[in-house]
Amino acid sequence: MFKTKLRIEAVDREDFYILTSRLSYITNLGDKINVPKGFKTNFASVPSIAKFYIDDDDWQIRAPSVVHDYLYSKESKDLGFSRKQADEVLLEAMVGLGMRKTKALLIYYILRIFGGSNYEDR
């Protein structure tokens, strides 16, 4: 469950955004994830082959993608989330915002297969 709203600012001539305030999410297991103000995100990196079905600008994927990007970054290493757990948080958050479960599962499995290279070493 998101406790705060996503507030971002586009960075000129770059392909990322910066959070202008903290984004707080509490998982179904009660884990608190606070993405700090100033964190850089590029939201969802949807492969071309899946763009016909998955819109990376969809509001149901934007905030969950920020939390996911944070959990994949070195900045969150003290939280102790594994790559699989980070992917599961994304799935949970998308479904929690009302995304169809079949669509959310497709995104989850694409991440499980292709997302490993983006998970920063701890």
Side-chain angles (χ1 to χ4, degrees):
M1 169 187 322
F2 285 94
K3 299 308 253 178
T4 58
K5 292 188 183 269
L6 176 63
R7 299 187 195 300
I8 55 166
E9 180 178 299
V11 176
D12 288 338
R13 294 175 247 216
E14 300 290 333
D15 192 24
F16 65 88
Y17 297 81
I18 294 177
L19 268 65
T20 59
S21 65
R22 182 182 73 193
L23 180 64
S24 297
Y25 181 78
I26 299 176
T27 69
N28 291 342
L29 297 175
D31 297 306
K32 295 176 185 171
I33 302 166
N34 290 307
V35 184
K37 177 181 176 180
F39 181 75
K40 294 179 184 178
T41 183
N42 65 349
F43 297 116
S45 301
V46 178
S48 319
I49 194 165
K51 287 198 182 246
F52 76 94
Y53 186 64
I54 301 167
D55 178 4
D56 52 4
D57 283 332
D58 186 335
W59 68 272
Q60 293 170 321
I61 198 171
R62 285 195 134 204
S65 292
V66 172
V67 173
H68 186 258
D69 282 356
Y70 180 65
L71 292 176
Y72 261 45
S73 76
K74 288 181 182 178
E75 291 181 49
S76 72
K77 67 181 176 184
D78 293 338
L79 295 178
F81 282 80
S82 68
R83 180 178 161 242
K84 185 172 192 274
Q85 289 169 319
D87 294 348
E88 289 169 350
V89 168
L90 176 70
L91 174 62
E92 170 190 305
M94 291 184 300
V95 171
L97 288 178
M99 183 180 282
R100 282 187 328 275
K101 191 162 187 176
T102 53
K103 185 175 185 177
L105 282 168
L106 175 63
I107 294 166
Y108 171 80
Y109 286 116
I110 288 171
L111 270 170
R112 295 305 304 147
I113 294 167
F114 300 109
S117 63
N118 294 317
Y119 187 76
E120 294 182 6
D121 290 334
R122 307 299 171 113

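Here the CD1-CD1 distance, from Ile107 to Ile61, works out to 3.5 Å after rounding to the nearest 0.5 Å. Leu71 CG to Ser82 OG: the interatomic distance, rounded to the nearest 0.5 Å, is 9.5 Å. In this structure, Leu111 CG and Leu90 CG are separated by 6.0 Å, a value rounded to the nearest 0.5 Å. Atom CZ of residue Arg62 and atom CD1 of residue Ile8 lie 4.5 Å apart, to the nearest 0.5 angstrom.
Between Gln60 and Met94 the shortest heavy-atom distance is O-CG, 3.5 Å. Residues Glu92 and Asn28 share a closest heavy-atom pair of OE2-N, 2.8 Å. Heavy-atom minimum distance, Gly80 versus Gln85: O-OE1, 3.6 Å. The two residues Thr4 and Arg22 come nearest to each other via the heavy atoms OG1-O, 3.2 Å. Here the closest heavy-atom approach between residue Ile26 and residue Lys32 is recorded as CG1-CG, 4.0 Å. Summarising the geometry of Lys84 relative to Arg112, their closest heavy-atom pair is CA-NH1, 3.3 Å, with the distance given to 0.1 Å.
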side-chain contact (heavy atoms from CB on, under 4.5 Å) evaluation trace for Tyr25 with Val35: CA-CA 8 Å; Tyr25 181 78; Val35 184; over 6 Å; no
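Its side chain within the 4.5 Å cluster rule, Val11 clusters with Phe16, Ile18 among the Ile, Leu, Val, Met, Phe, Trp and Tyr residues.
The closest side-chain heavy-atom distance from Tyr70 to Leu23 is not below 4.5 Å.
Linking Ile, Leu, Val, Met, Phe, Trp and Tyr residues whenever their side-chain heavy atoms come within less than 4.5 Å leaves Phe81 and Leu29 in two separate clusters. Under the 4.5 Å side-chain heavy-atom criterion for ILVMFWY residues, a single connected hydrophobic cluster contains both Leu97 and Leu6. Cluster membership check: Tyr108 does not share its hydrophobic cluster with Val67, using side-chain heavy-atom separations under 4.5 Å among Ile, Leu, Val, Met, Phe, Trp and Tyr. Residues Phe2 and Tyr17 fall within the same hydrophobic cluster, defined by Ile, Leu, Val, Met, Phe, Trp and Tyr side chains chained together at heavy-atom separations under 4.5 Å. Hydrophobic clustering (side-chain heavy atoms under 4.5 Å, transitive across Ile, Leu, Val, Met, Phe, Trp, Tyr) keeps Leu91 apart from Met99.
Between the side chains of Tyr72 and Asp87, at least one donor N or O lies within less than 3.5 Å of an accepting N or O.
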